[in-house]
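The structure appears below as structure tokens.
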Amino acid sequence: MSNQLITNKVYNSEANDLAHKIALQTRARHAKWLVSLKYILDQSDVDNALSRQSEFCDSVILKEEERITENQRLLLECESSKVEERRKAVEERQKVFGQVVADIASHAEKSMIEKLSQMTPMQLFGKFPDFSYFLSTAYSPSLTFPKLSVLTTNDNALKSNVIALVNNPKFCGRLGKSVRSLQDPLAAIGTLGIDNSVLLFPILMAKPLLRWHDPVTKSIAPKLWQHMILTANVTRLRLEQSNYKNPQQGVLLGVLRTISHFAIVNHFSQLFEDAQIERMQYFREQNMREEYYACGEIKPDLSILPNVISSLEQKLTQKVIDAIEWTPFTFPLKNALQEDLDNIAVLERGEAGVALAQAQAYAMFDTLDRSGVFVEKHKPFWFAHVQMPPEALTAIRDKHPGKIELAK
């Protein structure tokens, strides 16, 4: 174990118990912050070349697929027939409405947890990037441009994202290179260079997995994306500070640890609608007319999402880990992820596991703090829980880790 990652302070059992309690509270607070419409992401440390916020979140959504589903037909039918019914007194109506809102929210939460728990990675994400191939080649001493380009051959979204990146004038400026109009992925990878490609590919592979255009969750997507970027980049930075052999592996660790959030939020709108229809049909079968008509007015309830995230994110991350083919060479990375999912104490982890724990703690702290909702008196305990020295926190923040530093 490298002492460079671990604080030299020794905490007694009382302090450790308090730190554990505060860690649970802070994680719950972060889950609520992710879905809260009250807080938007601070853009001052966002890497605009990698985020899709400018595409979807600052303008009217025009790309939402137009489709009439059976669920929508039932909702419309309910809406039109409701108009013909006489209206109850406002107080009674509001009481029924409140009961139905709570009923549907409770049913939706249980239903989401059950259905998402049963999905495969392919069902969770709609596609699943070839992280196995990336792992088997990217960190090998014999890595070549053609070996990396195999990924773009088999993944059109990755190919498009790599080409778009090297054709972005601001991004080229960060590389210290002049802008060229490239369409060949091998040439694009050559422009990035081996080191930058290895650094950025896990992020670019994950980029299509997050649905930005859903009107219900579009305010959540930028927060999820930044949480992934911060976790990935800070894991790398901590490994660099400990002189880890391949610190860029920290980016992949951070990506794999956080993309389960994407799957949960991506499915929210559809699964909430499914739950709403199930309850509406139940009310109709039971001849509960007021409850049935109230269903048509209910909007998706984001307040259930923090519980769903807290209940599922580790379980779905386990599915991600299990879907990847690990080699003896990459097994330490799997161990780091498994240590985190198994809640192994930081002092008992390998270097990569420590870095990952500290990166997650930093990512949650940074975004909550920028929104003014991190409890300041909890700060020493929050970072003590992951054994992160105060000077390391300052060093990380000075590097603006929301933006990826590139090799030139």
Smallest separation among heavy atoms of Ser140 and Phe329, with atom names
N-CE2, 4.4 Å
Does atom NZ of Lys315 have more than 12 heavy-atom neighbours, drawn from other residues, nucleotides or ligands, at distances under 6.0 Å?
no
When you compare the side chain of Val35 with that of Ile309, does any pair of heavy atoms fall below 4.5 Å?
yes
For the pair Asp155 (side chain) and Leu151 (backbone), establish whether a donor and an acceptor sit closer than 3.5 Å, ignoring hydrogens and angles.
no
Over 12 foreign heavy atoms within 6.0 Å of CD, Glu14
no
Any side-chain donor paired with an acceptor under 3.5 Å for Gln248 and Glu240?
no
Quick check against the 3.5 Å criterion: does Ser371 have a side-chain atom that pairs as donor or acceptor with the backbone of Val373?
no
Heavy-atom donor-acceptor pair, Thr144 side chain to Lys147 backbone, under 3.5 Å
yes
Hey, are Arg257 and Glu313 close enough for a salt bridge, meaning a charged N less than 4.0 Å from a carboxylate O?
yes
Examine distances only and state if a side-chain atom of Ser111 and a backbone atom of His107 form a donor-acceptor pair shorter than 3.5 Å.
no
For Gln270 and Asp274, which I'm curious about, is there any donor-acceptor pair between the side chains at under 3.5 Å?
yes
Got Trp33 and Lys223 here, is their nearest side-chain heavy-atom distance under 4.5 Å?
yes
If you take the centroid of each ring, where Trp contributes its six-membered ring, are Phe383 and Tyr362 closer together than 6.0 Å?
no
Under 3.5 Å, side chain of Asn246 to main-chain N/O of Gln249, donor-acceptor pair present?
no
A quick test of your reading: do over 12 heavy atoms of other residues, nucleotides or ligands sit less than 6.0 Å from NZ of Lys21?
no
Might you confirm whether atom CD of Gln99 has over 12 heavy atoms from other residues, nucleotides or ligands at distances under 6.0 Å?
yes
For Ser303, is there any backbone N or O sitting under 3.5 Å from a side-chain donor or acceptor partner on Asp301?
yes
What's the shortest heavy-atom distance between Gln118 and Lys319, and which atoms?
C-NZ, 4.2 Å
Under a 4.5 Å cut-off applied to non-hydrogen side-chain atoms, are Leu34 and Thr367 in contact?
no
Strictly below 4.0 Å, N to O, side chains only: are Glu278 and Lys115 in salt-bridge contact?
yes
Axial cation check for Phe283 ring with Arg279, 6.0 Å and 45° limits:
yes
Tell me, do Asp369 and Lys379 make a side-chain contact under 4.5 Å, heavy atoms counted?
no
side-chain hydrogen bond (donor to acceptor under 3.5 Å, both in side chains) partner of Asp366, chosen from Gln226, Arg397, His227:
Arg397
Heavy atoms from other residues, nucleotides or ligands near CD of Gln123 exceed 12 (cutoff 6.0 Å)
yes
Is Lys32 atom NZ crowded by more than 12 heavy atoms from other residues, nucleotides or ligands, each under 6.0 Å away?
no
Heavy-atom side-chain proximity of Asp340 to Thr317 below 4.5 angstrom
no
Could you tell me whether the side chain of Trp326 and the main chain of Ile321 form a donor-acceptor pair under 3.5 Å?
yes
Does a side-chain heavy-atom distance below 4.5 Å link Ser44 with Arg370?
yes
Spell out, as yes or no, whether a donor-acceptor pair under 3.5 Å connects the side chain of Asp45 to the backbone of Gly402.
yes
Measure the shortest side-chain to side-chain distance between Glu351 and Pro332 over non-hydrogen atoms and say whether it is less than 4.5 angstrom.
no
Would you say the side-chain atoms of Arg238 and Gln241 include a donor-acceptor pair closer than 3.5 Å?
yes
Euclidean distance, Met388 CE relative to Ile396 CD1, rounded to 0.5 Å
5.0 Å
Side-chain contact test, heavy atoms from C-beta onward, threshold under 4.5 Å: evaluate it for Glu285 versus Tyr292 and give yes or no.
no
Tell me yes or no: between the side chains of Gln318 and Asp322, is some donor less than 3.5 Å from an acceptor?
yes
Phe365 vs Leu393, side-chain contact (heavy atoms from CB on, under 4.5 Å): CA-CA, chis, key distance, verdict
CA-CA 10 Å; Phe365 160 74; Leu393 175 61; 4.0 Å; yes
Test Leu316 against every option in Ser311, Ser260, Ser117 by the side chain to side chain contact (heavy atoms under 4.5 Å, CB included) rule and name the one that passes.
Ser260
Provide the closest heavy-atom pair for Leu175 versus Ala407 in the form atom of the first, atom of the second, distance.
CD2-O, 3.9 Å
If only atom types and distance count, is the side chain of Ser106 paired as donor or acceptor with the main-chain N or O of Asp103 below 3.5 Å?
no
Any donor-acceptor N/O pair, Arg174 side chain to Ile404 backbone, under 3.5 Å:
yes
Show, in sequence, the C-alpha distance, side-chain angles and deciding distance for Leu210 and Met228, and conclude whether the side-chain contact (heavy atoms from CB on, under 4.5 Å) test is met.
CA-CA 11 Å; Leu210 178 59; Met228 183 197 79; over 6 Å; no
What one should report as the nearest heavy-atom pair of Pro401 and Leu237 is CB-CD1, 3.9 Å
Mind running side-chain contact (heavy atoms from CB on, under 4.5 Å) on Ile104 and Met280 for me, showing each step along the way?
CA-CA 9 Å; Ile104 290 177; Met280 194 169 82; over 6 Å; no
Using 30° and 60° as the class limits, which term best fits the ring planes of His385 and His20: parallel, tilted or perpendicular?
tilted
Would you say Leu24 has more than 12 foreign heavy atoms packed within less than 6.0 Å of its CG?
yes
For Phe128 and Ala323, the nearest pair of non-hydrogen atoms, with its separation, is CE2-CB, 4.0 Å
Of all heavy-atom pairs linking Leu302 and Leu37, the shortest is CD1-CD2, 3.9 Å
